[in-house]
Visitor: 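Can you read through this structure? Questions will come right after.
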Amino acid sequence: MRAARWYAPYDLRIESVPEPDAAPGEVVVRVEWCGLCGTDVHEYTHGPVLIPSRPHPLTGKLPPITLGHEFSGTVAAVGADAAFAVGDRVTANACLVCHECVWCRAGQFNLCAKLGSIGLCADGGFADFVRVPAYGLHRVPANLSLELAALAEPTSVAVHACRRARLRAGETVAVVGAGTIGLLVLQAARAQAATVFSIEPIAARRHLAAALGAHAALDPGPGVDKETAAATNGRRADVVFECTGSLAGIDTALRVSGKAGRVVIVGIYREASPAPWARLQAHEKEIIGSSAYTDEFPAALQLLASGAVRGAPLITDRIRLAELEGRGLRPLIEEPAKHLKILVQP
């Protein structure tokens with residue numbers, strides 16, 4: 001079969017590799033769609049970041065590795081003790097966990113002591129077939145296309161962020177960043193009857209945020225905190241989701257959050273940031289981390305199937321595996337304003 005194999009930064013090769021088989025507790029999925037993620041871009045340009053540089057404790061894998069962790073498809077083979085059937089339409093929680101550590105036993109699988117991910121620490125979905133532990137597999141609702149089911153993974157990130165925020169109906173929310181995750185968080189929050197403001201510098205993304213239900217879509221300029229205050233009778237946002245992974249985004253999130261506000265960090269950061277401790281203390285604000293997901297896939301699939309989260313407007317291109325670099329990774333690097341989610345169909 002064909003697979004997109006990461007060897008080193010800017011060294012991605014479409015190669016012929018053996019098809020995987022299904023050991024006990026595993027399922028082989030024929031990949032229909034696999035989404036390109038910012039994590040894939042970071043590995044392509046700066047890896048290994050999450051790709052292991054020593055054998056991973058759960059998988060033993062080292063590069064070369066097949067990328068891709070946002071995928072959907074149909075079951076092609078089933079190992080013993082895996083409760084699926086050939087032909088089942090599925091998507092997968094990409095997290096690989098030990099089920100033994102204190103965090104796994106507490107149900108906090110995203111904090112597993114040996115945490116790994118399909119597409120980073122095991123071969124992923126940029127291939128004709130991918131092997132998946134049965135514990136991570138989820139059936140796709142009959143009324144949801146496999147194309148949109150490939151968005152279940154990032155939608156689960158958004159649902160998990162809303163749960164981490166302890167979001168309540170009627171609260172005012174601001175989402176900093178209207179990339180794929182930001183737009184999914186916006187919609188997941190709207191599904192909980194929240195009033196949501198989107199804060200984004202790119203005009204086309206602001207327009208899309210408004211079309212997807214934002215109460216207002218604002219530019220993150222110097223006056224955005226005052227605009228938010230004016231629109232909320234001076235309260236500002238009860239909950240802010242920072243989805244950019246930038247220090248400027250953190251600053252904006254803190255400025256538009258109100259007293260006793262909860263700031264949820266969803267973006268992934270490379271730089272350290274000084275914190276305005278006095279403002280956090282005096283206004284009793286909370287900083288909450290949100291990483292990946294635990295058991296949010298069923299909720300994410302239902303949001304996509306019901307249309308409460310609209311995935312189609314986020315898909316900006318559909319490409320073949322052979323086009324992964326030229327029409328996938330490089331456009332995301334060179335023209336990020338033109339793209340949100342690019343789907344690959346092996």
Side-chain angles (χ1 to χ4, degrees), residues 33 35-38 70 72 91 93 138 140-141 143-200 202-218 220 228 231 237-245 249 253 256 262-267 288 290 292-316 339-343:
W33 296 98
L36 262 169
C37 173
E70 302 178 1
S72 64
T91 187
N93 177 328
H138 294 270
V140 174
N143 63 330
L144 181 64
S145 70
L146 285 177
E147 180 177 278
L148 292 182
L151 298 180
E153 196 273 352
T155 304
S156 296
V157 172
V159 175
H160 183 72
C162 289
R163 290 182 178 177
R164 290 286 295 154
R166 310 187 304 278
L167 188 59
R168 299 184 292 268
E171 289 194 304
T172 297
V173 169
V175 181
V176 181
T180 297
I181 295 296
L183 291 170
L184 290 170
V185 169
L186 184 161
Q187 295 182 82
R190 283 272 294 130
Q192 294 186 234
T195 299
V196 186
F197 293 82
S198 176
I199 301 174
E200 165 61 47
I202 299 172
R205 292 187 180 182
R206 290 200 301 273
H207 296 324
L208 181 54
L212 292 174
H215 178 76
L218 309 174
T228 308
D238 300 304
V239 178
V240 183
F241 296 93
E242 204 302 297
C243 300
T244 70
V256 301
R262 306 187 299 282
V263 178
V264 184
I265 307 300
V266 189
I288 301 170
S290 182
Y293 34 76
T294 54
D295 58 352
E296 284 83 10
F297 265 72
L301 286 165
Q302 286 304 315
L303 286 170
L304 289 163
S306 69
V309 167
R310 295 167 54 200
L314 277 59
I315 301 170
T316 52
H339 288 285
L340 288 167
K341 183 58 63 181
I342 296 175
L343 293 184

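Side-chain atoms are counted along with the backbone in the values below, which use heavy atoms only and exclude waters and symmetry mates.
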Visitor: Determine, step by step, whether Leu218 and Thr228 satisfy the side chain to side chain contact (heavy atoms under 4.5 Å, CB included) criterion, reporting the C-alpha distance in whole Å, the side-chain angles of both residues, the deciding distance to 0.1 Å, and the verdict.
Guide: CA-CA 9 Å; Leu218 309 174; Thr228 308; 3.9 Å; yes
Visitor: Which distance, rounded to the nearest 0.5 Å, do you find between the CH2 of Trp33 and the CG of Leu343?
Guide: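 CG of Leu343 is found 6.0 Å from CH2 of Trp33.
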Visitor: How far apart are the C-alpha atoms of Glu153 and Thr91, what are their side-chain angles, what is the distance that settles it, and do they pass the side chain to side chain contact (heavy atoms under 4.5 Å, CB included) test?
Guide: CA-CA 8 Å; Glu153 196 273 352; Thr91 187; 5.8 Å; no
Visitor: Restricting to non-hydrogen atoms, name the atom on Arg205 and the atom on Ala178 that form the minimum distance, rounded to 0.1 Å.
Guide: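 Nearest pair, atom of Arg205 first, then Ala178: CD-O, 3.3 Å.
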Visitor: Can you tell me how far apart OG (Ser72) and NE2 (His138) are? Round to the nearest 0.5 Å.
Guide: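 Between Ser72 OG and His138 NE2, I get 13.5 Å after rounding to 0.5 Å.
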Visitor: Going from NZ on Lys341 to CD1 on Ile315, what distance comes out if it is rounded to the nearest 0.5 angstrom?
Guide: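 Lys341 atom NZ to Ile315 atom CD1 measures 9.5 Å (nearest 0.5 Å).
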Visitor: Using the side chain to side chain contact (heavy atoms under 4.5 Å, CB included) rule, pick out the option among Val266, Leu183, Ile265 that qualifies with Cys243.
Guide: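 The option that passes is Val266.
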Visitor: Quickly, which of Thr172, Val175, Leu186 forms a side chain to side chain contact (heavy atoms under 4.5 Å, CB included) with Phe197? Name it, please.
Guide: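 Looking at Thr172, Val175, Leu186, the match for Phe197 under the side chain to side chain contact (heavy atoms under 4.5 Å, CB included) is Thr172.
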Visitor: Measure across Ala188 and Val309 and return the closest heavy-atom pair with its distance rounded to 0.1 Å.
Guide: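 That closest heavy-atom pairing would be N-CG2, 4.1 Å.
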Visitor: Tell me, with the steps shown, if His215 and Thr195 meet side chain to side chain contact (heavy atoms under 4.5 Å, CB included).
Guide: CA-CA 6 Å; His215 178 76; Thr195 299; 3.7 Å; yes
Visitor: Rounded to the nearest 0.5 Å, what's the gap from OG1 on Thr155 to CG on Leu301? Could you check?
Guide: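 Here the interatomic distance stands at 8.5 Å.
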Visitor: What distance do Leu208 atom CG and Leu314 atom CG have between them, rounded to the nearest 0.5 Å?
Guide: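 The distance works out to 6.0 Å.
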Visitor: For a quick test of reading the model, state the closest non-hydrogen atom pair linking Ile199 to Pro220 and the distance between them.
Guide: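 In terms of heavy atoms, the two residues are closest at CG2-CB, 3.5 Å.
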Visitor: Might you point out which heavy atoms bring Glu200 and Gly179 nearest each other, and give the distance in Å?
Guide: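 Scanning both residues, the minimum pair turns out to be OE1-N, 4.3 Å.
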Visitor: Looking at Glu171 and Arg262, is any side-chain nitrogen of the basic one under 4.0 Å from a carboxylate oxygen of the acidic one?
Guide: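 A salt bridge links Arg262 with Glu171.
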Visitor: Measure the shortest side-chain to side-chain distance between Leu184 and Val157 over non-hydrogen atoms and say whether it is less than 4.5 angstrom.
Guide: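 Counting from C-beta outward, Leu184 and Val157 never come under 4.5 Å.
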Visitor: Is it the case that Glu242 and Thr244 place a side-chain donor and acceptor less than 3.5 Å from each other?
Guide: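 Note: Glu242 and Thr244 side chains meet the donor-acceptor criterion.
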Visitor: Can we say Arg166 and Asp238 salt-bridge, meaning some charged N sits less than 4.0 Å from an Asp/Glu carboxylate O?
Guide: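 A salt bridge is absent here (no side-chain N lies under 4.0 Å from a carboxylate O).
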Visitor: Do you know the tightest heavy-atom contact between Ser290 and Arg164?
Guide: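 Looking at all heavy atoms of both residues, the shortest contact is OG-CG, 3.8 Å.
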Visitor: For Val173 and Phe241, what are the C-alpha separation, side-chain angles and deciding distance, and is it a side chain to side chain contact (heavy atoms under 4.5 Å, CB included)?
Guide: CA-CA 8 Å; Val173 169; Phe241 296 93; 3.6 Å; yes
Visitor: Which heavy-atom pair separates Ala300 from Ala152 by the least distance, and what is that distance?
Guide: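 Scanning both residues, the minimum pair turns out to be CB-O, 3.8 Å.
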Visitor: I need the Arg163 CZ to Gln192 CD distance, nearest 0.5 Å.
Guide: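 Output value for this atom pair is 8.5 Å.
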Visitor: Side chains of Thr316 and His339: is there a donor and an acceptor less than 3.5 Å apart?
Guide: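 Yes, side-chain donor-acceptor contact under 3.5 Å.
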